[in-house]
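Atoms within each ligand, like the ligands themselves, are counted from 1 in listed order. In this chain, numbering begins with 1 at the start of the sequence shown.
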Amino acid sequence: MISSDICIIGAGPVGLFAVFETGLLKMRCHVVDVLPQVGGQLTEIYPGKPIYDIPGYPKITGEELVGQLMTQIAPFKPSFTLGERVEQVSRQRDETFLLTTSAGTVISARVVVIAGGLGCFEPRKPVIPDLNLYEGNGVAYSVRDPEVFRGHKVVIAGGGDSALDWTLVLAGIADKVTLVHRGNTFRGAPDTASRVQELANAGKLDLIIRAHTTHLTGKGKLNGVGVSLHGGDSLIIPADDFIPLFGLTPRLGPIAEWGLNMDKDAINVNTIDYSTSEERIYAIGDINHYPGKLKLILCGFHEAALMARSAFRFVYPDQRINFKYTTVYGINAF
Ligand SMILES: Cc1cc2nc3c(=O)[nH]c(=O)nc-3n(C[C@H](O)[C@H](O)[C@H](O)COP(=O)(O)OP(=O)(O)OC[C@H]3O[C@@H](n4cnc5c(N)ncnc54)[C@H](O)[C@@H]3O)c2cc1C
């Protein structure tokens with residue numbers, strides 16, 4: 001079991017900055033995110049886009065800001081569980097919490113900070129009969145370890161960056177890669193699209209455009225993907241794996257089941273300290289709601305600072321908090 005003063009749910013910019021603000025007050029954090037990497041929406045949706053409203057940075061990309069935040073919190077040595085979703089939060093008799101993730105990891109903490117943003121990003125799935133029966137038996141919505149596909153016949157569907165990038169990567173690993181795309185132009189980076197076209201021209205992968213996937217074949221284990229060509233013909237492509245890459249969509253997920261006072265898909269908080277209806281549970285960043293709420297990174301940073309000062313009394317009930325400027329006391333790292 002992992003034990004920490006504070007468990008932060010969500011490694012987006014606000015969850016990461018909460019590590020800094022709580023660290024200044026000598027509270028240790030464990031951070032959990034369902035995504036395999038830190039950075040929340042910045043890494044998942046717009047890593048290369050410039051952001052213009054971060055104080056002190058006239059212009060910084062999502063990826064750069066996440067890198068700076070990771071550097072800023074490093075002195076406080078946070079621990080991370082990535083690629084796992086927090087499913088349950090249960091209060092113990094001594095008022096601490098046990099959090100359980102989708103992979104069965106258990107975290108004990110005195111305070112829970114929900115920085116869950118828009119929720120968990122889930123893959124957009126194609127409408128194909130019995131798709132769920134093949135999930136884990138040939139159908140995957142992401143590529144964690146490309147080596148898994150070595151020697152396989154792989155069908156990828158999609159026209160964005162992920163579909164193009166993984167087509168290029170797997171073309172060098174799999175026995176055969178087929179990319180199926182509805183349109184005749186790609187949404188992904190033009191350079192990548194050109195390289196895919198070049199490999200297709202050289203016979204190193206199969207590119208089927210103006211077509212969509214219709215059904216899967218196989219008994220329990222995938223062995224083919226049905227494709228309908230927009231000209232009228234249809235075919236079945238032999239396949240060990242089918243990877244539809246149509247992007248991700250956020251869903252609130254299990255947070256909605258934790259008995260907190262909610263406003264639609266957001267958690268109602270008290271703006272004095274961003275506490276929720278449950279003592280010792282706070283909600284900061286895009287996940288919370290209060291009159292005048294702005295879903296901006298800088299607003300989440302402010303919320304993290306106030307939350308940290310309030311959470312201090314639960315971690316150090318016998319101590320008084322002293323307000324200290326970092327210019328005077330430094331960061332007082334662990
Ligand atoms: C295209 C785009 C452009 C934007 N531009 C700007 C801008 O210019 N300036 C600005 O200030 N803001 C901008 N925003 C908004 C900004 O990205 C958000 O305000 C910010 O990401 C909120 O940070 P967060 O940490 O609260 O949440 P998020 O970044 O959403 O991170 C939340 C994390 O929580 C995780 N999570 C959720 N539930 C669970 C669970 N149960 N278990 C484990 N993990 C969980 C998610 O996987 C996610 O990684 C933009 C947003 C978009 C989409």
Side-chain angles (χ1 to χ4, degrees), residues 2 7-21 29-66 68-70 73 78-90 97 99-107 109 112-123 142 160-161 247-258 260 262 265-267 269 274 281-290 293-305 307:
I2 298 164
C7 183
I8 299 175
I9 302 171
V14 178
L16 295 179
F17 193 63
V19 174
F20 182 80
E21 286 296 327
C29 293
H30 185 76
V31 187
V32 189
D33 204 300
V34 65
L35 294 173
Q37 77 281 324
V38 301
Q41 294 173 52
L42 282 66
T43 315
E44 196 58 42
I45 304 179
Y46 59 101
K49 280 210 167 111
I51 310 170
Y52 297 98
D53 55 354
I54 303 298
Y57 289 103
K59 181 179 171 184
I60 185 167
T61 66
E63 201 166 34
E64 285 164 352
L65 179 59
V66 172
Q68 294 287 7
L69 285 166
M70 288 301 279
I73 67 175
S79 48
F80 290 91
T81 297
L82 297 177
E84 298 180 24
R85 185 166 89 161
V86 176
E87 298 291 339
Q88 281 178 355
V89 176
S90 59
F97 295 96
L99 294 91
T100 313
T101 74
S102 45
T105 305
V106 178
I107 301 133
V112 173
V113 175
I114 305 174
L118 304 176
C120 300
F121 291 97
E122 292 180 6
S142 63
D161 284 316
L248 299 167
T249 182
R251 286 197 209 289
L252 189 58
I255 294 171
E257 317 296 322
W258 297 342
L260 300 167
M262 307 280 296
D265 277 353
I267 302 169
V269 287
Y274 302 98
I281 302 184
Y282 296 82
I284 56 175
D286 278 13
I287 192 82
N288 73 16
H289 174 76
Y290 53 86
K293 169 74 183 177
L294 274 181
K295 290 191 181 187
L296 284 177
I297 297 164
L298 77 94
C299 298
F301 288 172
H302 160 82
E303 294 163 12
M307 170 281 295

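- In the candidate list Asp286, Ile287, Thr101, Asp33, Asp286 is nearest to atom 20 (C) of ligand 1, counting heavy atoms.
- In terms of N/O distances under 3.5 Å, ligand 1 is approached by Val34.
- Pro47 places none of its side-chain heavy atoms less than 4.5 Å from the side chain of Leu42.
- Distances shorter than 4.0 angstrom occur between a heavy atom of Gly119 and an atom of ligand 1.
- Residue, atom and distance of the protein heavy atom nearest to atom 10 (C) of ligand 1 are Leu296 CD2, 3.5 Å.
- Within the listing of ligand 1, atoms 47 (O), 49 (O) sit less than 4.0 angstrom from a heavy atom of Leu35.
- With a 4.0 Å cut-off on non-hydrogen atoms, Glu84 touches ligand 1 through its backbone and not its side chain.
- Here the protein heavy atom with the shortest distance to atom 30 (O) of ligand 1 is Gln41 NE2, 2.9 Å.
- Counting only heavy atoms of the protein, atom 27 (O) of ligand 1 lies nearest to Gly117 CA, 3.2 Å.
- An N or O contact shorter than 3.5 Å is missing between Leu298 and ligand 1 by distance.
- The contact set between ligand 1 and Val86, taken as ligand atoms under 4.0 Å from a residue heavy atom, comprises 40 (C), 41 (N), 42 (N), 43 (C).
- Ranking protein heavy atoms by distance to atom 37 (C) of ligand 1, first place goes to Gly116 O, 3.2 Å.
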Query - Evaluation steps, side chain to side chain donor-acceptor pair (under 3.5 Å), between Glu257 and Gln88 - result: CA-CA 9 Å; Glu257 317 296 322; Gln88 281 178 355; over 6 Å; no
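- Taking the charged nitrogens against the carboxylate oxygens, Glu122 and Arg85 do have a contact shorter than 4.0 Å, which makes a salt bridge.
- Below 4.0 Å from some heavy atom of Gly10 lie the following atoms of ligand 1, by number and element: 33 (C), 34 (O), 35 (C).
- Every residue was checked against the side chain to side chain donor-acceptor pair (under 3.5 Å) condition with Glu63, not counting sequence neighbours, and none meets it.
- From the protein, the heavy atom lying nearest to atom 25 (O) of ligand 1 is Val14 N, 3.1 Å.
- Atoms of ligand 1 lying under 4.0 Å from at least one heavy atom of Gly12, given by number and element, are 25 (O), 29 (O), 31 (O).
- Of the N or O atoms in Arg85, none lie within a sub-3.5 Å distance of an N or O in ligand 1.
- Using modelled atom types, one side-chain atom of Trp258 and one backbone atom of Glu87 make a donor-acceptor pair closer than 3.5 Å.
- Among all non-hydrogen protein atoms, the one lying nearest atom 11 (O) of ligand 1 is Ile297 N, 2.9 Å.
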Query raised in the report: After noting the C-alpha distance and the side-chain angles of Tyr274 and Tyr282, does the key distance pass the ring-ring contact (aromatic ring centres under 6.0 Å, His included) rule?
Result: CA-CA 6 Å; Tyr274 302 98; Tyr282 296 82; 9.0 Å; no
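- Under the side chain to side chain donor-acceptor pair (under 3.5 Å) criterion, Thr43 pairs with no residue at all, not counting sequence neighbours.
- Close contacts of ligand 1 with Ala115, meaning ligand atoms under 4.0 Å from a residue heavy atom, involve 32 (C), 33 (C), 34 (O).
- For atom 2 (C) of ligand 1, the candidate residues are Phe301, Phe121, Tyr46, Phe17; the nearest heavy-atom contact is made by Tyr46.
- Phe121 is not listed as a side-chain neighbour of Thr249, based on a closest heavy-atom distance of 4.5 Å or more.
- Each of the following atoms of ligand 1 lies closer than 4.0 Å to a heavy atom of Leu42: 17 (O), 21 (O).
- For ligand 1, the atoms sitting less than 4.0 Å from at least one non-hydrogen atom of Ile255 are 38 (N), numbered in the order shown with element in parentheses.
- Checked by atom type and distance alone, the side chain of Asn288 pairs as donor or acceptor with a backbone atom of Ala283 at under 3.5 Å.
- Remark: the Glu84 side chain and the Ser102 side chain contain no N/O donor-acceptor pair separated by less than 3.5 Å.
- Counting atoms of ligand 1 from 1 in the listed order, those under 4.0 Å from a heavy atom of Ile51 are 7 (C), 8 (O), 9 (N).
- When hydrogens are left out, the protein atom nearest atom 39 (C) of ligand 1 is Cys120 SG, 3.4 Å; that is the closest non-hydrogen contact.
- Inclusion of Asp53 in the set of residues having an N or O under 3.5 Å from an N or O of ligand 1 is warranted.
- Within the 4.5 Å cutoff, the side chain of Thr105 has no heavy atoms near those of the Leu99 side chain.
- Taking the side chain as every heavy atom from C-beta outward, Val14 and Asp286 never approach each other to under 4.5 Å.
- Taking the side chain as every heavy atom from C-beta outward, Ile281 and Phe97 approach each other to under 4.5 Å.
- For Asp33 (side chain) and Ala11 (main-chain N/O), a donor-acceptor pair under 3.5 Å exists by modelled atom type.
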